[in-house]
**Student:** 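Got a structure here, written out as structure tokens. Questions coming.
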Protein chains: 2
Amino acid sequence: MAILQKSIDKRNALIKATIELVNNAGFHATPMSKIAKMANVSPATIYLYFENKQDLVNKTYIEVKAEYTKYAFESYDENMSVEQGFEIIWKRIADFKLNDSENAMFLAQCDNTPMIDELSRQEGIKHLQPLLDLWARGKKEGIIKPISDYLLYAYAINPLSFLMMSQKRGAIILDRKHIEEAYQSAWNSIKTCDQ
Amino acid sequence: MAILQKSIDKRNALIKATIELVNNAGFHATPMSKIAKMANVSPATIYLYFENKQDLVNKTYIEVKAEYTKYAFESYDENMSVEQGFEIIWKRIADFKLNDSENAMFLAQCDNTPMIDELSRQEGIKHLQPLLDLWARGKKEGIIKPISDYLLYAYAINPLSFLMMSQKRGAIILDRKHIEEAYQSAWNSIKTCDQ
DNA sequence: TAAAAAAGAATGAACATTCATTTTTGTGTT
DNA sequence: AACACAAAAATGAATGTTCATTCTTTTTTA
């Protein structure tokens, strides 16, 4: 029996429980015993799948990040025009934050706290490469402002995180109508002005 | 001897230590004993100033938030034009995040985790009222897009939080030049298009 | 039937909070 | 000014709990 035979279902249940509990209480206020209970598993079993608590949360982060970017780039292909590509990616990201807000909130918490190891954080960033490539192309073609990727991200993508958090806290702001509105703001802030 | 005579210096030292340690390790990974040590105080003394750990962090949040908004609105006055008022407030906020990034990071962590009581969170929001009033005026005068305050905040103010976090993690993106650039993005995304 | 997987109980460390004392402070008296 | 002293403030050590991780045993699997 090799490692591969350990139940992938149990592993997934552990990841899922981690996300839900960390969202509600934060990493350090979430005991391993609770994670185990929610995943219907003994606490000791967690250590068959993960080295320790830190490893569990690091791996959870990387998996959620991968899922997020996979979803974001699913319907994008590199032959699209810059404008069309951006719209498709942006709207997929908005969808993700709306429909899969448990996962999205988890990422927001990871990105704003010292809860994740620096190494895993950097690992997570790599998944965004297709978007950075698209922006590079857009800048070359003169369609996207020649400013740093950080500024582009700050004004075009990150606002969605704030909207998601507001949504989660009771504001109703991410329905169909507002998405279109928000998309226009996003595009306006990164496209070159003389278009 | 009344409560008032307890040293305000000690209380301030405790708040400061809380901010620094929570920034580095997160709320639950920051023991009271460490906070006490950094503030040069016995652990038991903390309980003369705060009810318990949760109360300490709630009060810290409210104080930092008050400091933040006091700074943001310091040079603003209600007789300014909407455009001028917005620019002044926006740049003060940018300054705060740049120069007082310990405090700003602490707020970011509070805003993206379950670490603060809901009541204190709401208390903190109230301080933003002058900005919401300015936006209301701007909308009435047709200068600012008639969209929700959440959207306005998401696209005009919140991006600064992302830029600050990136800065903290090593990117050099918030110098004078970029601030002006970022401000133009912010203003573009909330002003009405036919200006 | 042997190896892997899983379990529950045990272990020991870390921590928030309280307790019993000591130190400091401000006031009134000589 | 020096002192006495009560109330407040501060302390370090103790308490009891919670929790990550490990250990030993049982169950499952091939």
Side-chain angles (χ1 to χ4, degrees), chain A residues 1-61 106 109-110 113-117 120, chain B residues 1-61 106 109-110 113-117 120:
Chain A
M1 255 187 191
I3 270 185
L4 285 176
Q5 289 173 294
K6 279 191 284 187
S7 156
I8 190 71
D9 290 345
K10 283 214 178 82
R11 191 177 187 280
N12 288 339
L14 284 168
I15 298 246
K16 188 158 182 289
T18 301
I19 294 164
E20 180 166 343
L21 291 169
V22 167
N23 273 349
N24 284 324
F27 172 50
H28 287 284
T30 298
M32 295 295 258
S33 55
K34 259 195 192 167
I35 296 175
K37 189 167 286 175
M38 179 171 276
N40 279 315
V41 135
S42 156
T45 303
I46 301 182
Y47 293 86
L48 300 175
Y49 292 85
F50 303 95
E51 282 170 48
N52 49 41
K53 197 181 175 186
Q54 186 62 54
D55 181 53
L56 166 60
V57 77
N58 284 340
K59 296 239 166 82
T60 301
Y61 173 71
F106 180 77
Q109 193 170 165
C110 292
T113 67
M115 133 188 174
I116 297 292
D117 281 351
S120 301
Chain B
M1 256 185 193
I3 271 184
L4 284 175
Q5 290 174 294
K6 279 191 283 189
S7 158
I8 191 70
D9 291 344
K10 283 213 177 84
R11 191 177 187 280
N12 287 341
L14 284 168
I15 298 246
K16 190 159 180 292
T18 302
I19 293 164
E20 181 166 342
L21 292 169
V22 167
N23 274 349
N24 284 324
F27 172 49
H28 287 283
T30 299
M32 295 296 257
S33 55
K34 258 195 192 167
I35 297 175
K37 189 166 285 174
M38 179 169 277
N40 279 315
V41 133
S42 156
T45 303
I46 301 182
Y47 294 85
L48 299 175
Y49 291 85
F50 304 94
E51 282 171 48
N52 50 41
K53 197 180 176 189
Q54 185 62 54
D55 181 53
L56 166 60
V57 78
N58 284 340
K59 296 240 167 80
T60 301
Y61 172 71
F106 181 77
Q109 191 168 168
C110 292
T113 68
M115 133 190 174
I116 297 292
D117 282 351
S120 301

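Just so we're on the same page: letters track the sequence lines, and every chain starts at 1.
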**Student:** Mark yes or no for whether Y49(B), through its side chain, and S7(B), through its backbone, hold a donor-acceptor pair below 3.5 Å.
**Tutor:**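 Yes, because the side chain of Y49(B) sits within donor-acceptor range (under 3.5 Å) of the backbone of S7(B).
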
**Student:** With rounding to the nearest 0.5 angstrom, report the CG to CG distance, D117(A) to N58(A).
**Tutor:** 4.0 Å

**Student:** In whole Å, what is the span from the OH atom of Y47(B) to the P atom of dC19(C)?
**Tutor:** 13 Å

**Student:** Side-chain N or O of Y49(A) less than 4.0 angstrom from OP1 or OP2 on dA6(C)?
**Tutor:**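 Affirmative; the distance criterion is met.
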
**Student:** Measure CG/D55(A) against P/dT21(D) and give the value in whole Å, please.
**Tutor:** 10 Å

**Student:** Kindly point out which of dA6(C), dT17(C), dA20(D) is positioned nearest to the side chain of M32(B)?
**Tutor:** dT17(C)

**Student:** Using whole Å, report how far CD of E51(B) lies from C1' of dT18(C).
**Tutor:**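 After rounding, the gap between these two atoms is 15 Å.
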
**Student:** Enumerate the residue pairs fulfilling salt bridge (Lys or Arg N to Asp or Glu O under 4.0 Å) with a member in residues 11-34 of chain A, sequence neighbours excluded, ordered by first and then second residue.
**Tutor:**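 Pairs touching residues 11-34 of chain A that pass the test: R11(A)-E63(A).
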
**Student:** Under 3.5 Å, sequence neighbours excluded: what are the donor-acceptor pairs made by side chains of residues 37-46 of chain B?
**Tutor:**
unit_1 : atom_1 : unit_2 : atom_2 : d
S42(B) : OG     : A44(B) : N      : 3.2
T45(B) : OG1    : S42(B) : O      : 3.4

**Student:** If you take all heavy atoms of M115(A) and Q54(A), which pair is closest and at what distance?
**Tutor:**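 Scanning both residues completely, I find the closest heavy atoms to be O-NE2, 3.1 Å.
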
**Student:** Looking at every non-hydrogen atom in both residues, tell me the closest pair between M32(A) and Y47(A) and how far apart they are.
**Tutor:** CE-OH, 3.4 Å

**Student:** Can you list, by residue number, the residues of residues 17-27 of chain B that have a non-hydrogen atom closer than 4.0 angstrom to DNA chain C?
**Tutor:**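 Here the set is empty: none.
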
**Student:** For the pair made of NZ in K53(A) and C1' in dA20(D), what is the distance, rounded to whole Å?
**Tutor:**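 Distance, rounded to whole Å: 8 Å.
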
**Student:** Indicate yes or no: at least one non-hydrogen side-chain atom of L14(B) is less than 4.5 angstrom from one of I35(B).
**Tutor:** yes

**Student:** The helix from dT1(C)-dA30(D) to dT30(C)-dA1(D): angle between its terminal axes, five pairs each, to 10°?
**Tutor:** 20°

**Student:** To the closest 0.5 Å, what do you measure between CG (N23(B)) and CD1 (I19(B))?
**Tutor:**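 So the CG of N23(B) and the CD1 of I19(B) are separated by 7.5 Å.
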
**Student:** Just the rounded figure in Å: distance from P of dC19(D) to CG of N52(A).
**Tutor:**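 In whole Å, dC19(D) P lies 17 Å from N52(A) CG.
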
**Student:** Provide, to the nearest angstrom, the distance between the CD1 atom belonging to I35(B) and the P atom belonging to dT17(C).
**Tutor:** 10 Å

**Student:** Between K34(A) (NZ) and dA20(D) (P), how many Å, whole number?
**Tutor:** 11 Å

**Student:** Using the salt bridge (charged side-chain N to carboxylate O under 4.0 Å, His left out) criterion, which residues pair with K59(A)? Sequence neighbours excluded.
**Tutor:** D55(A)

**Student:** Kindly give the heavy-atom pair with the smallest separation between T113(B) and Q109(A), and that separation in Å.
**Tutor:**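 Scanning both residues, the minimum pair turns out to be CG2-CG, 3.7 Å.
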
**Student:** Between P on dA16(C) and CD1 on I46(B), what's the gap in Å once rounded to a whole number?
**Tutor:** 9 Å

**Student:** Give every pair of a protein N or O atom and an N or O atom of nucleotides 7-9 of chain C that lie under 3.5 Å apart, one pair per line with the distance.
**Tutor:**
unit_1 : atom_1 : unit_2 : atom_2 : d
dA7(C) : OP2    : S42(A) : N      : 2.9
dA7(C) : OP2    : T45(A) : OG1    : 2.6
dG8(C) : N7     : S42(A) : OG     : 3.0

**Student:** List the atom of V22(A), the atom of P114(B), and the distance in Å for their closest heavy-atom pair.
**Tutor:**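 In terms of heavy atoms, the two residues are closest at O-CG, 4.1 Å.
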
